[in-house]
Amino acid sequence: MEGSKRIILNTSAQYTRTIINTCLSLYSTRFILRALGEIDYGVYFVVAGVITLFAFLTNASVITTQRYISYYIGQGDHERIRSIYGNSMLLHAVIAICIVGLMLIGCYPIIYHGLNIPPERMNAAAVVYIITAVMFFFSIILAPIRALFIARENITYISIVDVFDGVLKFGFAYALLFVTYDRLIVYALMMFGIQVLNMLVFSVYADIKFPEFHWPRLREWNKGFITDLSSFAGWTLYSSGCVVARNQGIAIILNLSFSAAINAAYGIAMQVSGAVSFISSSIINAINPQLVKAEGANNRQKMLKMAEYESKYAFLLLSFASIPLIFEMDGILKWWLGSVPEHAVVFCQLTLLAAIFDQLSIGLTSAVQAIGDLKIYTLVFYTTKLLTLLAIWVCIKMNLSAEEALTSYVAFEFIGTLLRLPLLKHIAGISIGQFCKNVFLRVTVPFAVLVATCYICRFSISNDYRFLISAAFGITTGSIAMFLTTLDHNEKQFLLSILQRNV
């Protein structure tokens with residue numbers, strides 16, 4: 001299959017998955033919030049958030065393994081592909097045992113002395129913590145398997161499994177309403193069962209389809225490969241760790257500065273942002289394997305061009321999904337949740353806006369990962385993201401409201417987007433002016449048209465279904481503007497040929 005056609009297929013599969021899972025996830029949250037209540041929902045979010053402080057390992061692992069497999073696919077070195085995968089599995093097994101062991105040791109001090117949890121819910125929170133730690137063990141082992149699927153560009157199967165995952169979570173959320181035992185513990189056990197099932201369906205399929213797949217074997221240990229993987233993974237861990245520490249650190253600061261109930265609002269904001277961000281990540285995941293293969297084949301110019309495409313389309317896709325939500329957030333949350341936690345509306349709007357800004361140069365992060373020269377970029381860019389915690393803490397100490405403090409999150413995401421440009425000029429020699437022309441200028445018109453359309457709909461239409469009208473008009477006018485002003489000649493011809501073959 002041609003590269004462009006595979007990108008479209010994989011993007012379409014992920015886009016479909018995202019729409020289905022977003023709808024299921026958003027509606028299931030209504031059941032979960034009603035079944036658990038605001039306090040238990042906040043407890044689950046903050047406890048699971050502590051585990052998530054380590055969960056960046058999974059994301060870093062997928063990125064590392066996928067990068068090396070894709071790179072050697074670009075070089076056509078099949079023996080190295082198998083060796084890289086085998087050593088990655090060994091490394092993940094060691095990491096999983098060590099990290100989960102540390103998590104379990106830290107259970108008592110974290111739950112009973114570190115977090116602001118109501119005394120009557122501490123025992124249940126400890127059980128949830130242990131269950132979530134074991135779930136994390138499986139997620140680490142699963143990471144290189146998912147990376148193999150991505151590197152081999154078999155993202156359609158991942159999307160099918162993820163949809164099945166979403167359906168199960170929706171069913172369990174509804175069933176939780178009828179549970180009489182401690183619902184917080186039962187919910188954690190349900191999530192654990194889904195994690196185990198995911199492990200089975202991925203590993204069985206990989207064993208059938210991919211010759212590289214096998215379980216860890218000590219005799220495959222290769223010091224050179226382990227060193228390369230560890231070095232790349234180390235910087236990727238730092239970058240992912242900064243993002244997760246920033247997100248969960250905000251939750252902890254809000255928890256300690258206000259109350260456990262405010263975590264329900266922040267948890268909903270993170271869920272909305274995460275669900276919508278999958279829309280832009282679909283194009284990123286589809287392009288990344290070919291972007292890395294281009295670098296592996298020593299085609300730097302093609303790699304940087306694909307990084308521009310990734311930034312441009314990730315930004316627009318996320319904007320098309322997020323801007324209508326931002327304008328209609330109050331009504332959407334009321335329809336979705338019924339009872340909307342205080343602060344949730346503004347928190348959701350701010351986190352979505354921050355995510356949009358981050359996508360504007362996201363392809364440059366993929367370019368750095370393809371090159372493999374991570375040190376300077378990671379230290380400068382991701383440390384800047386981590387400084388968001390300091391800014392929010394200072395705002396709270398100045399007696400600003402929680403909403404005002406969270407604006408720091410948006411500001412630092414915008415700063416980070418601009419910071420990528422000089423970093424990539426140093427690392428890859430990009431032309432800042434050319435990137436701004438090909439990406440920033442080309443997305444300005446469709447973004448402005450989208451915002452203006454949603455603004456007009458918001459303040460000129462009084463209808464229970466205004467969100468649907470606003471989204472339909474906004475996406476339509478934005479798409480037309482994108483076709484006229486964002487796509488170059490070759491992109492227009494390619495898109496038209498695809499449409500003509502399918503009409």
Side-chain angles (χ1 to χ4, degrees), residues 45-46 49-57 59-60 63 114-116 233-258 262-263 265-267 269-270 273-274 277 280 311 314-315 318 343 346-369 373-427 432 440:
F45 180 78
V46 76
V50 173
I51 302 295
T52 307
L53 285 171
F54 295 96
F56 62 85
L57 287 168
N59 182 54
I63 292 172
L115 297 176
N116 182 16
W235 291 114
T236 308
L237 283 173
Y238 180 79
S239 62
S240 300
C242 285
V243 173
V244 173
R246 188 267 315 271
N247 293 345
Q248 299 305 323
I250 292 173
I252 293 173
I253 290 174
L254 293 175
N255 175 266
L256 297 176
S257 302
F258 298 97
I262 201 171
N263 287 114
Y266 182 68
M270 287 290 99
S273 177
S277 292
S280 59
S311 299
F315 172 82
L318 187 60
H343 310 291
V346 178
F347 280 11
C348 288
Q349 291 170 328
L350 291 174
T351 53
L352 285 177
L353 188 60
I356 291 173
F357 284 147
D358 181 57
Q359 300 302 304
L360 197 50
S361 60
I362 191 68
L364 298 182
T365 295
S366 300
V368 172
Q369 292 169 349
D373 186 8
L374 300 181
K375 182 177 180 180
I376 295 175
Y377 178 86
T378 302
L379 284 174
V380 176
F381 179 73
Y382 286 99
T383 301
T384 301
K385 283 183 177 287
L386 196 57
L387 290 176
T388 305
L389 292 176
L390 177 61
I392 289 177
W393 181 79
V394 170
C395 288
I396 291 175
K397 289 299 179 181
M398 294 172 61
N399 294 321
L400 297 179
S401 67
E403 289 91 343
E404 291 170 329
L406 205 61
T407 57
S408 302
Y409 179 26
V410 182
F412 272 84
E413 286 297 88
F414 183 70
I415 292 170
T417 286
L418 299 179
L419 190 58
R420 286 188 179 111
L421 299 177
L423 289 172
L424 264 292
K425 181 176 179 60
H426 171 75
I427 295 169
I432 294 178
F440 292 175

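Bear in mind that the values here come from a model prediction, so they are computed numbers and not experimental data.
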Within the supplied structure, the quantity of interest is the number of heavy atoms (other residues, nucleotides, ligands) at a distance under 6.0 Å from Phe414 CZ; does it exceed 12?
no
Nearest non-hydrogen partners of Arg246 and Leu389, listed with the distance
O-CD2, 3.4 Å
Search all heavy atoms of Phe412 against all heavy atoms of Thr384 and return the closest pair with its distance.
CD2-O, 3.3 Å
Measuring from Asn247:CG to Ser273:OG, what's the distance to the nearest 0.5 Å?
8.0 Å
Which heavy-atom pair separates Ser311 from Leu360 by the least distance, and what is that distance?
CB-O, 3.6 Å
How long is the gap from CD on Glu404 to CG on Leu350, to the nearest 0.5 Å?
10.5 Å
Side-chain donor or acceptor of Ser361 paired with backbone N/O of Thr417 under 3.5 Å:
yes
Is the ring pair His343/Phe347 parallel, tilted or perpendicular, if the boundaries are 30 and 60 degrees?
parallel
Value for CG (Leu419) from CG (Leu424), rounded to nearest 0.5 Å, stands at 10.0 Å
State, with a plain yes or no, whether a side-chain heavy atom of Phe315 is found less than 4.5 Å away from one of Ile362.
no
Over all heavy atoms of both residues, which pair between Asp373 and Val368 is shortest? Give the atoms and the distance, please.
O-CG1, 3.5 Å
Is there side-chain contact between Ile262 and Asn255, with heavy atoms separated by less than 4.5 Å?
no
Quick one: pull up SG in Cys242 and CG in Leu379 and give me the separation to the nearest 0.5 Å.
9.0 Å
Quick one: does Ile376's side chain get under 4.5 Å of Phe381's, heavy atoms only?
no
Any donor-acceptor N or O pair under 3.5 Å, side chains Thr351, Tyr266:
no
So, Asp358 side chain and Glu413 main chain: donor-acceptor pair closer than 3.5 Å or not?
no
Rounded to the nearest 0.5 Å, what separates atom CD1 in Ile432 from atom CZ in Arg420?
14.0 Å
Between the side chain of Ser257 and the main-chain N/O of Ile253, is any donor-acceptor distance below 3.5 Å?
yes
Might you point out which heavy atoms bring Cys348 and Ala269 nearest each other, and give the distance in Å?
SG-CA, 3.5 Å
Smallest separation among heavy atoms of Thr388 and Lys385, with atom names:
OG1-O, 2.7 Å
Which distance, rounded to the nearest 0.5 Å, do you find between the CD1 of Ile427 and the NZ of Lys375?
12.0 Å
Are any non-hydrogen side-chain atoms of Ile392 and Cys395 less than 4.5 angstrom apart?
no
